Amino acid sequence: MRVSVEVRSFLGPGDDSSLADDVLDGLTRPFKELPPKHFYDDIGAQLFDRICELPEYYPTRTERLILAEHSSDIAALTRAAELVELGSGTAAKTRLLLSALADAGTLRRYVPVDVTEGVIRATGAILATEYPGLDVHGIVGDFERHLGHLGPSAGPRIVAMLGGTIGNFTPGARRRFLRDVGRLLGPDGALLIGVDLVKDPARIEAAYNDAAGVTAQFNRNVLQVVNRELRADFEPDEFDHVAFFDRDHEWIEMRLRARRRMTVHVADLALTVTFAMREELRTEISAKFTPRRLAADFAASRLEPIELFTDPDGLFGLALARPVATPRFGAAHRRVSAAAA
Ligand code: AVJ
């Protein structure tokens, strides 16, 4: 049986500077901030896996339900030969989609994109044996910077971003990202995005303030990452976990609040910053969506919605969209062919 797994890495030695650059920027701003991508070192990835199993954290299991229910519809609507998955991780949910595309007889290639090389290699090898004949082309990289390396598709392409990860983008950056991905789809391609839906704020806030305190550990872990990678002297236990639903922006704000006045040194950056008592450092936004917001984002990104699959309680959604047909072949094309007739 032919097993084909190819992995290309675009994270070079200079790439670990992205943490240094982000810390330098983030800790010298008036409102201190660190991007959420730095949560996911090995400990952070393990903590996130635990979060996904928490009773309060509904997104993962709800998305899995929707995929189980609608993967065959998605396969029928897209007839995709290539599945590109952004932030693929262990591809736990992806199998539902891969199986539906394989059953539809269209699947040829799986392209996992993730920053963690080990996960891509391990998952790629397993999937290549589980789906005989499937080509696995792993891309070790950052989906905000390395999608240009995708290259031509093996037929109709579906790009999937599951898990609600799209929620981490600020609104403008989200539209820029959607436009960039839209350009990679081709005329017969599609985009599939997992979106957490706006609902009772108490239900949302509970998902980020779990009783077991795993999210608080996950949140504080970013300070451990900075300590280890940049020789800083943060005391993570001197920061309180804060997560609340911002009703104006309809997103979760996750922050770390200083329990007392403190000075932090980041040796590798020769940087010293002070935190006032109760000063907050933002570590993540997690935007929640309405069909209206999604439609506006798609319209601003030259994408048109095909379908929004949700669970019966309307907790989570899988939004399927395609590129807006290029006008050049629209009215103009009809006029020319009419004149030629
Ligand atoms: C992986 C970004 C979708 O925002 O729900 C979980 C990360 N942060 N608990 C989310 C997260 C706190 C998660 N995403």
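The structure displayed is predicted, hence computed values, not measured ones. Whatever order the structure lists ligands and atoms in, that order sets their numbers, starting from 1.
Distance alone, capped at 3.5 Å, places no donor-acceptor pair between the Arg157 side chain and the Gly186 backbone. Looking at Arg61, its side chain does come within 3.5 Å of a backbone N or O of Leu54 through a donor-acceptor pair. Using modelled atom types, one side-chain atom of Arg8 and one backbone atom of His149 make a donor-acceptor pair closer than 3.5 Å. When atom types are taken as modelled, the side chain of Arg220 and the backbone of Leu256 share no donor-acceptor pair closer than 3.5 angstrom.
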Pairs of nitrogen or oxygen atoms, one from ligand 1 and one from the protein, closer than 3.5 Å: please tabulate them with distances.
from, atom 1, to, atom 2, distance (Å)
ligand 1, 4 (O), Ser286, OG, 2.7
ligand 1, 5 (O), Tyr57, OH, 2.6
ligand 1, 5 (O), Tyr208, OH, 2.6
ligand 1, 8 (N), Glu284, OE1, 2.7

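By the ring pair (Phe, Tyr, Trp, His ring centres under 6.0 Å) test, Phe289 pairs with no residue at all, sequence neighbours left out.
Arg176 places none of its side-chain heavy atoms less than 4.5 Å from the side chain of Phe169.
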